[in-house]
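Before any comments, here is the structure.
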Amino acid sequence: MAFWLMKSEPDVYGIQHLQQDGTTLWDGIRNYQARNFMRSMAIGDRAFFYHSNAKPPGIVGMMEVVETGLTDPSQFDPTNKYFDPKSNPEQPRWDCVRLRYMGTFNELLSLDALREQFSVEELPVVRQGNRLSILPVPDASAQRLLELLGSL
DNA sequence: GCCAACGTTGGC
DNA sequence: GCCAACGTTGGC
């Protein structure tokens with residue numbers, strides 16, 4: 001089982017939305033590196049839910065990967081913000097995974113706090129200017145994060 | 001609102 | 001294939 005960190009803006013889709021929905025399709029990823037990370041996800045993997053563009057930004061909850069290798073439907077919908085005219089239904093360019101809400105931590109673990117605790121190698125999200133919305137979390141860092149965050 | 005850190009696009 | 005221009009993400 002691997003660990004990941006996935007960003008979303010709370011105003012657009014925050015942990016509260018996921019809590020209400022139960023599960024969600026993580027669609028709209030239009031960055032090849034992030035897409036490739038999604039492709040390497042396996043059912044049962046865990047993901048830290050990170051609020052980006054928030055005050056403050058940081059980790060707020062936990063998710064579980066429940067379905068992989070799904071085609072992102074938004075790429076074929078001309079009315080969708082993430083419509084990709086270059087994508088072909090026979091060979092879809094973008095895929096996504098389905099995630100299940102596991103819980104919300106008692107307190108947000110801010111990016112500032114993460115930077116105090118982790119190096120860029122230990123937790124790539126702390127790198128300045130990191131725009132990747134999906135990042136791997138090494139096992140050792142995931143265990144330390146879970147200790148810092150406490151129970152769900 | 002600004003800026004850093006990219007990725008993408010298009011001219012050549 | 002290079003690179004300038006442009007767009008986007010996301011922190012501050």
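Residue numbering restarts at 1 for every chain, and letters A, B, ... go by the order of the sequence lines. FYI, side chains are in, hydrogens and waters are out, and symmetry mates aren't considered; it's all heavy atoms of this structure.
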Rounded to the nearest Å, what distance is computed from the [atom1] atom of residue [X] to the [atom2] atom of nucleotide [N]?
X      : N      : atom1 : atom2 : answer
A/D11  : C/dT9  : CG    : P     : 14 Å
A/N36  : B/dG7  : CG    : C1'   : 14 Å
A/R93  : B/dG7  : CZ    : C1'   : 13 Å
A/L108 : C/dG11 : CG    : P     : 11 Å
A/R131 : B/dA5  : CZ    : P     : 11 Å
A/N130 : B/dG7  : CG    : C1'   : 13 Å
A/K55  : B/dG1  : NZ    : C1'   : 11 Å
A/L132 : C/dG11 : CG    : C1'   : 15 Å

Counting only side-chain heavy atoms from C-beta out, which of [options] sits nearest to [X]?
X      : options              : value
A/Q128 : C/dC12, B/dA4, C/dT9 : B/dA4
A/E9   : C/dG10, B/dC6, B/dT8 : C/dG10
A/Y32  : B/dA4, C/dC12, B/dT8 : B/dT8

Margin query: Given 3.5 Å as the limit, does a donor-acceptor pair link the side chain of A/H51 with the main chain of A/I15, or not?
Written below: yes
| message | Just to be sure I understand the rule, does A/K86 reach a base, reach only the sugar-phosphate, or reach nothing, if contact means heavy atoms closer than 4.0 Å? | response | sugar-phosphate
| query | Is A/R127 touching bases, backbone alone, or none of the nucleic acid, heavy atoms closer than 4.0 Å? | reply | sugar-phosphate
At less than 4.0 Å, is any side-chain N or O atom of A/Y50 found next to OP1 or OP2 of C/dG11? Yes or no. yes
Output yes when at least one side-chain N/O atom of A/R30 is less than 4.0 Å from OP1 or OP2 of B/dC6, else no. no
Please determine if A/R39 and A/D95 form a salt bridge, counting it only when a charged side-chain N lies under 4.0 Å from a carboxylate O. yes
- Item | Close side-chain approach of A/Q75 to A/P92, heavy-atom, < 4.5 Å | yes
| Take atom CD in A/E107; do more than 12 heavy atoms of anything else shown fall under 6.0 Å from it? | no
### Query
Less than 6.0 Å separating the ring centroids of A/W94 and A/F76?
no
